[in-house]
Asker: 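Take this structure, written in structure tokens, and hold onto it; I'll ask about it next.
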Amino acid sequence: MELSEAIRTTRAMRRLDPERPVSDEDIWTILDAASRAPSGGNRQIARWLVVRDAKRRADIGRIYGECWKSIRQGYADQQGDEGPSPILASADHLAAHMGEAPAILIPCSLGGDPASIYPGCQNLFLAAREIGLGTALTTVHRLKEAEVKAVLDIPDDVQTWAMIPVGHPLGRWGEAKRRPVEETTYWDSYGERRPRS
Ligand SMILES: Cc1cc2nc3c(=O)[nH]c(=O)nc-3n(C[C@H](O)[C@H](O)[C@H](O)COP(=O)(O)O)c2cc1C
């Protein structure tokens with residue numbers, strides 16, 4: 001797959017096949033991509049916790065679901081003329097099934113800035129897309145981070161920056177819907193747009 005296609009079609013894949021296994025080798029492949037990412041001072045602070053154990057996945061999945069439930073209303077209230085928030089149904093699905101994802105990845109660090117974590121996440125998402133795996137960046141578990149840490153034996157002073165389910169995606173999806181770059185780009189002076197010729 002061309003990199004440009006992977007960039008355009010990597011989405012928040014919240015519907016994953018719980019029955020179709022993901023090999024350890026595939027997990028190594030996407031984590032290897034993550035490990036190539038830049039970090040502040042090249043300190044490489046990210047530590048990746050791969051959760052495979054069914055009981056621990058179920059436990060952190062339940063905590064994730066509780067966290068989502070506590071913020072869900074905010075998304076539900078967003079419905080406007082265009083109907084319900086498009087992410088609501090898929091976010092609900094993930095909240096109900098997070099624990100069934102064949103693997104759940106938790107990027108962690110002992111201190112440091114998450115700006116040194118998320119480039120690795122994006123590398124991982126693209127690498128996963130290339131080999132047909134779906135992923136989703138989620139952070140809502142941080143509302144109950146202490147509970148997640150307790151399940152995974154993560155020390156108190158280590159932060160968990162995301163909860164990333166990994167699996168084979170279900171359903172169909174297209175390119176990500178995004179604002180046009182001409183709208184979000186300014187030239188020389190904030191607010192100054194330039195047409196793209
Ligand atoms: C910082 C960040 C935090 C996010 N947290 C969550 C989350 O907790 N739960 C969730 O379902 N999606 C989460 N998302 C996924 C976004 O909702 C998703 O990337 C966005 O809706 C675009 O989706 P698309 O790429 O499929 O178009 C998060 C994304 C980012 C960048």
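Each ligand, and each atom within it, is numbered from 1 in the order the structure gives.
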Asker: Quick one: which ligand 1 atoms are inside 4.0 Å of a heavy atom on T138?
Answerer: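 Counting from 1, the qualifying ligand atoms are 5 (N), 6 (C), 7 (C), 8 (O), 9 (N), 10 (C).
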
Asker: With a 4.0 Å cut-off on heavy atoms, does M13 reach ligand 1?
Answerer: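 No; M13 lies far enough from ligand 1 that no heavy-atom distance drops under 4.0 Å.
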
Asker: Can you check whether R11 has an N/O within less than 3.5 Å of an N/O in ligand 1?
Answerer: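 By distance alone, the answer is yes.
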
Asker: Go through the side-chain N and O atoms of S109 and W161 and say whether any donor and acceptor fall under 3.5 Å apart.
Answerer: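 There is such a pair (donor and acceptor under 3.5 Å, judged by atom type) between the side chains of S109 and W161.
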
Asker: Test of understanding: given a 4.0 Å heavy-atom threshold, classify the contact between K177 and ligand 1 as side chain, backbone, both, or neither.
Answerer: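 It is neither; nothing of K177 touches ligand 1.
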
Asker: Taking atom CZ of R193 as the centre, report whether more than 12 heavy atoms of other residues, nucleotides or ligands fall under 6.0 Å from it.
Answerer: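 Yes, CZ of R193 has more than 12 neighbouring heavy atoms, counting only those of other groups under 6.0 Å.
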
Asker: Quick check: does any side chain N or O of R57 sit under 3.5 Å from a backbone N or O of A103, one acting as donor and the other as acceptor?
Answerer: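 Checked: no pair found.
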
Asker: How about atom 20 (C) of ligand 1: does it have a protein heavy atom within less than 4.0 Å?
Answerer: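 False for atom 20 (C) of ligand 1.
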
Asker: Ignoring angles and geometry beyond distance, decide whether A176 reaches within less than 3.5 Å of ligand 1 through its nitrogen or oxygen atoms.
Answerer: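 Checking ligand 1 against A176, no N or O pair falls under 3.5 Å apart.
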
Asker: Just heavy atoms, cut-off under 4.0 Å: does Y64 contact ligand 1 by side chain, backbone, both, or neither?
Answerer: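 The part of Y64 near ligand 1 is the side chain, not the backbone.
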
Asker: Can you list the atoms of ligand 1 that are under 4.0 Å from a heavy atom of V140?
Answerer: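 Listed by number with element, the hits are 8 (O).
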
Asker: Is atom CD of E183 surrounded by more than 12 heavy atoms (other residues, nucleotides or ligands) closer than 6.0 Å?
Answerer: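 Atom CD in E183 is crowded, with more than 12 foreign heavy atoms closer than 6.0 Å.
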
Asker: For ligand 1, which part of H141 has a heavy atom less than 4.0 Å away: the side chain, the backbone, both, or neither?
Answerer: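 For H141, no heavy atom sits under 4.0 Å from ligand 1.
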
Asker: For T160 and E145, what are the C-alpha separation, side-chain angles and deciding distance, and is it a side chain to side chain donor-acceptor pair (under 3.5 Å)?
Answerer: CA-CA 7 Å; T160 65; E145 188 182 21; 2.7 Å; yes

Asker: What protein heavy atom sits nearest atom 23 (O) of ligand 1, and how far away is it?
Answerer: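 Looking only at protein heavy atoms, the one closest to atom 23 (O) of ligand 1 is A12 CB, 3.9 Å.
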
Asker: Can a donor-acceptor pair be found between the side chains of T10 and R129 at a distance below 3.5 Å?
Answerer: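 There is no such pair (donor and acceptor under 3.5 Å, judged by atom type) between the side chains of T10 and R129.
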
Asker: Any chance CG of D157 has more than 12 other-residue heavy atoms, nucleotides or ligands included, within less than 6.0 Å?
Answerer: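 Check passes, neighbour count above 12.
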
Asker: Is the closest basic N to carboxylate O distance between R72 and D92 below 4.0 Å?
Answerer: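 A salt bridge links R72 with D92.
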
Asker: Under 3.5 Å between some N or O of ligand 1 and some N or O of L94?
Answerer: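 For ligand 1, there is no N or O atom that lies under 3.5 Å from one belonging to L94.
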
Asker: For ligand 1, which atoms, with element, lie under 4.0 Å from some heavy atom of R178?
Answerer: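 Answer, ordered by atom number: 22 (C), 24 (P), 25 (O), 27 (O).
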
Asker: Nearest 0.5 Å, please: how far is OG1 in T185 from CZ in R179?
Answerer: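 Answer rounded to 0.5 Å: 12.0 Å.
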
Asker: Only heavy atoms count here, so choose which of T139, L88, D92 is nearest to atom 5 (N) of ligand 1.
Answerer: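 Answer by nearest heavy atom: T139.
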
Asker: Return the closest protein heavy atom for atom 16 (C) of ligand 1 as residue, atom name and distance.
Answerer: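 For atom 16 (C) of ligand 1, the nearest protein heavy atom comes out as R14 NH2, 3.6 Å.
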
Asker: List the closest protein heavy-atom neighbour of atom 4 (C) of ligand 1: residue, atom name, distance to the nearest 0.1 Å.
Answerer: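 Ranked first by proximity to atom 4 (C) of ligand 1 is L137 O, 3.5 Å.
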
Asker: Counting heavy atoms only, which part of I87 comes closer than 4.0 Å to ligand 1: side chain, backbone, both or neither?
Answerer: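 Under 4.0 Å from ligand 1, I87 contributes side-chain atoms alone.
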
Asker: So if you build clusters from Ile, Leu, Val, Met, Phe, Trp, Tyr with side-chain heavy-atom gaps below 4.5 Å, do F125 and M163 land together?
Answerer: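 Different clusters.
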
